[in-house]
There are 2 protein chains.
Amino acid sequence: MSGNESCIVRHFKHYGPLSESDTKLLQALEKEPISGTSGQTLWEEGDKAGEICTIKSGWAYSYRNIDDGTRQVLDVFLPGDIVGLREFAFKERMSGIKLLTDSVICRFPHNHLIDIFRDSTKLTTIFFSISARQQTLLTERLVNLGRRNAFEKTAHLVYELYMRLKRTNPELGNSFELPLSQQIIADALGLSAVHVSRTFSELREENMICRERNHVTLLDIERLESVIGFSKAYLQEQDYLSYVS
Amino acid sequence: MSGNESCIVRHFKHYGPLSESDTKLLQALEKEPISGTSGQTLWEEGDKAGEICTIKSGWAYSYRNIDDGTRQVLDVFLPGDIVGLREFAFKERMSGIKLLTDSVICRFPHNHLIDIFRDSTKLTTIFFSISARQQTLLTERLVNLGRRNAFEKTAHLVYELYMRLKRTNPELGNSFELPLSQQIIADALGLSAVHVSRTFSELREENMICRERNHVTLLDIERLESVIGFSKAYLQEQDYLSYVS
DNA sequence: GTCCACAGATAACATGGGTTATGTGATTTA
DNA sequence: TAAATCACATAACCCATGTTATCTGTGGAC
């Protein structure tokens, strides 16, 4: 397990070194991995909520269906991400989850999370940081939906995913697989699929982003950053673990 | 202190009964209250982040300034709310905070939060629930910005605030003080102030919401709920405290 | 290899909401 | 009391994005 380190452990180590016992506690998060196929529904809005999941491999997204037949995509989840944290306080799922690729998922009941709160201040602090970080991503998306036009929205979405991939894969170049259809991108950005198509054409004409099939290349990262008003602030993460241990 | 129960303790008791010692730990959150006046800036984007705040009394809002001179309002905070939780994982503030009314605020350093993680599984669970609940509110706003028109957006904002007030003030009628200018509402909904004005005119014509000065009256709550596709799901909160204690 | 389903591109047209401008009443300042 | 400021209402005009429709290319099923 040490050579082929678990995805969740790698994710947590991003926040600082872990002790033997913390690593063991954490590895319990990845017991009984189950695999799913692209398009599969993990759960739907209104289902009973009693567990969180870690994504060992693959991509997924969460969404809310709207009465008028449209839907809003709320998050896109990448390998190593934790899914379902925000329903910790609720009895029902507030949003559905579907897989974007074939994936491996590990389920973990809320009660075990509380056991971790009791047993490890360090892991608790990290879980709390992860929840805070998810909030920060959501507020960033709020800005995206509220105050940017289609061009900026689309650039931002691609760039956000790029940065998140790079966080766990520092060696990532300027090009990656993006298993999102234009319809899903539209549902994430509050746009129509037609306009997303127009916008990607424009991004290519401007030599900023080239998307073909499920593969994107960032052609001019500096200009991307200036278009979306990127600030490096939300990379400045805190390190409390020295205080904790 | 027991007759005039602290706001934060009342907020936490919403999640279940607290022991003597937990109540004491919690009351430390409201030491050294400082008062501020309407319009005052508590902190700005980029300031050093090292504490959370509880709002003992008054209203506030958080916002991000956008390069083009506009801004996005991210949250509106009510008495009893906790502010700044999402920067727990970061060194800098991701958004500014301003007071909407004269208020009383209590500051609480992040280190103390970690002390609570170590000392009380119950309070930790509640803090985690609050963070999760804040995430849920954010996703609800994401839906609002992404997939609703101006009429629905405005109805939703007013209704959300109404429900949140009612959560801590169950006796609240169908009318309350709303210290938000149309400009701030516009910045929260991704609209222009002019269109917010148009929309409130429409809401009044439809006999759904009447807003005059800083006072709103909900004229037809049922129709409001149907317009925004309200589901009671996000009131179905979980109760883990029996498991914890 | 043929057929089918689906993702995507593009075009023509419609519209919700932005922008700019002007007016009004309420509140504050002098 | 006069002047200045502010929050809001309303109207005219415009544009970004939605809607509907058609066409193309690709990959899967058989």
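Just so we're on the same page: letters track the sequence lines, and every chain starts at 1. Predicted model only: the values in this text are computed from it and were never measured.
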Does a side-chain heavy-atom distance below 4.5 Å link A/Gln135 with B/Gln134? yes
Using whole Å, report how far CG of B/Asn149 lies from C1' of D/dG18. 13 Å
Under the rule for side-chain hydrogen bond (donor to acceptor under 3.5 Å, both in side chains), what residues qualify as partners of B/Thr41, not counting sequence neighbours? B/Lys98
In whole angstroms, how far is the P atom of D/dG25 from the CD atom of A/Glu212? 16 Å
Can you list everything that forms a side-chain hydrogen bond (donor to acceptor under 3.5 Å, both in side chains) with B/Glu177? Sequence neighbours excluded, please. B/His215
Who are the ring pair (Phe, Tyr, Trp, His ring centres under 6.0 Å) partners of B/Tyr63, not counting sequence neighbours? B/Tyr61
Report the residues that fulfil ring pair (Phe, Tyr, Trp, His ring centres under 6.0 Å) with A/Phe108, sequence neighbours left out, ordered by chain and then residue number. A/His112
Go through the structure and list residues passing salt bridge (Lys or Arg N to Asp or Glu O under 4.0 Å) with A/Asp75, not counting sequence neighbours. A/Arg86, A/Arg141
Taking only residues two or more places apart in sequence, or in another chain, which ones meet B/Arg223 in a salt bridge (Lys or Arg N to Asp or Glu O under 4.0 Å)? B/Glu206, B/Asp220
Give the rounded distance in Å between these two atoms: NE2 of B/His195 and C1' of D/dC13. 15 Å
Compute the bend angle of the helix from C/dG1-D/dC30 to C/dA30-D/dT1 from the end axes (five pairs per end), rounded to 10°. 50°
Qualifying residues under side-chain hydrogen bond (donor to acceptor under 3.5 Å, both in side chains), relative to B/Glu44, sequence neighbours excluded: none
Residues that A/Asn149 engages under side-chain hydrogen bond (donor to acceptor under 3.5 Å, both in side chains), provided they are two or more places apart: none
Which one of B/Arg148, B/Lys153, B/Glu152, B/His195 satisfies the side-chain contact (heavy atoms from CB on, under 4.5 Å) criterion with B/Leu189? B/Lys153
First and last nucleotide of DNA chain C in contact with chain A, 5' to 3', at under 4.0 Å to a heavy atom: what are they? C/dG8 to C/dA12
Could you go through nucleotides 4-8 of chain D and list every protein N or O atom that sits under 3.5 Å from one of its N or O atoms, giving the distance for each pair?
| from | atom 1 | to | atom 2 | distance (Å) |
| --- | --- | --- | --- | --- |
| D/dC8 | OP1 | B/Arg211 | NH1 | 3.3 |
| D/dC8 | OP1 | B/Arg211 | NH2 | 2.6 |
| D/dC8 | OP2 | B/Gln182 | N | 2.8 |

Side-chain donor-acceptor pair present, B/Gln183, B/Asp187, cut-off under 3.5 Å: yes
A/Val104/A/Ile34 under side chain to side chain contact (heavy atoms under 4.5 Å, CB included): CA gap, chis, key distance, verdict: CA-CA 6 Å; A/Val104 178; A/Ile34 55 176; over 6 Å; no
Sub-4.0 Å heavy-atom contacts from residues 185-192 of chain B onto DNA chain D, ordered by number: none
Are any non-hydrogen side-chain atoms of B/Phe230 and B/Leu224 less than 4.5 angstrom apart? no
